[in-house]
Amino acid sequence: MEEAKAAQDREHKFLSIAVEEAYRAVDRGHGRPFGAVVVRNDQVVVSCHNMVVKNTDATAHAEVTAIREACKKLGKIDLSDCEMYASCEPCPMCFGAVRLSRIKRLVYGATAETAIAMGSCYQNANLEIKRVDGNGALLAEQLLENTKGKFQMY
């Protein structure tokens, strides 16, 4: 019972930092109210907030910004020894970034439904997606085949 309470207190501690960052995003006019914290060995590596407006960058969500900063600070792209605490359930882009960075654990507060209700992210774009036909597809397939042994996956 005490172990469960300690784990809950730990999650609350780091999630509270993410929520503080989310308030900071709005207070500073940097973006919408989202914050994220990367933790390693019970220590905060970075805490970041949404920077979409400040950076004029649609990908500068709190989670992506935190991953970028943590990678720089730790000097590596594999964050498998880290956890992330996010003020809200990550959007698909952020969830993809969490997975690509190999973060071992993700804890979030508010749900995607809450974010949708306030008119934030998860919006449907008027976007056409199409795979190219003919030589363009062949060219891209050849690229992957021709380079597969020339780089190292992390």
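Nothing fancy with the numbering, it's 1 onward along the sequence.
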Quiz item: Rest of the hydrophobic cluster containing Phe95 (Ile/Leu/Val/Met/Phe/Trp/Tyr, side-chain heavy atoms under 4.5 Å)?
Solution: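 Besides Phe95, the hydrophobic cluster comprises Val38, Val45, Val46, Ile67, Leu74, Leu79, Met84, Val98, Ile103, Leu106, listed by chain and residue number.
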Does atom [atom1] of [X] have more than 12 heavy-atom neighbours from other groups under 6.0 Å away?
X	atom1	result
Asn135	CG	no
Gln142	CD	yes
Lys13	NZ	no

Quiz prompt | side-chain contact (heavy atoms from CB on, under 4.5 Å), paired with Leu143, selected from Leu139, Thr147, Asn146 | solution =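 Exactly one option meets the side-chain contact (heavy atoms from CB on, under 4.5 Å) with Leu143, and it is Thr147.
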Quiz item: Do Val39 and Glu83 have side chains that get closer than 4.5 Å, going by heavy atoms?
Solution: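 Contact flag for Val39/Glu83 side chains = yes.
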Exercise. Side-chain contact test, heavy atoms from C-beta onward, threshold under 4.5 Å: evaluate it for Met93 versus His61 and give yes or no.
Key: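 Contact flag for Met93/His61 side chains = yes.
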Distance in Å, [X] [atom1] paired with [Y] [atom2], rounded so as to fall on 0.5 Å steps:
X	Y	atom1	atom2	answer
Asn55	Thr65	CG	OG1	6.5 Å
Lys5	Glu2	NZ	CD	10.5 Å
Arg68	Met51	CZ	CE	10.5 Å
Glu3	Gln8	CD	CD	13.5 Å
Lys104	Cys82	NZ	SG	8.0 Å

Side chains of [X] and [Y] only: does a donor on one sit below 3.5 Å from an acceptor on the other?
X	Y	answer
Tyr85	Arg10	yes
Ser47	Arg24	no
Thr111	Glu89	no

Check [X] against [Y] and note the closest heavy-atom contact, atom names and distance.
X	Y	result
Ser87	Phe34	OG-CA, 3.4 Å
Asn50	Gly31	OD1-CA, 3.3 Å
Ala22	Gly35	CB-N, 3.6 Å
Ala86	Leu15	O-CD1, 3.1 Å
Glu63	Cys94	OE1-SG, 3.2 Å

Practice problem: Just jot down the salt bridge (charged side-chain N to carboxylate O under 4.0 Å, His left out) partners of Glu11, sequence neighbours excluded, or say none. | Solution: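 By the salt bridge (charged side-chain N to carboxylate O under 4.0 Å, His left out) rule, Glu11 matches Arg105.
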Quiz item: Can you list the steps and then say if His30 with His49 is a side-chain contact (heavy atoms from CB on, under 4.5 Å)?
Solution: CA-CA 8 Å; His30 291 175; His49 56 265; 2.8 Å; yes
Practice problem: Could you walk me through whether Glu20 and Val37 pass side-chain contact (heavy atoms from CB on, under 4.5 Å), step by step? | Solution: CA-CA 10 Å; Glu20 289 171 18; Val37 178; over 6 Å; no
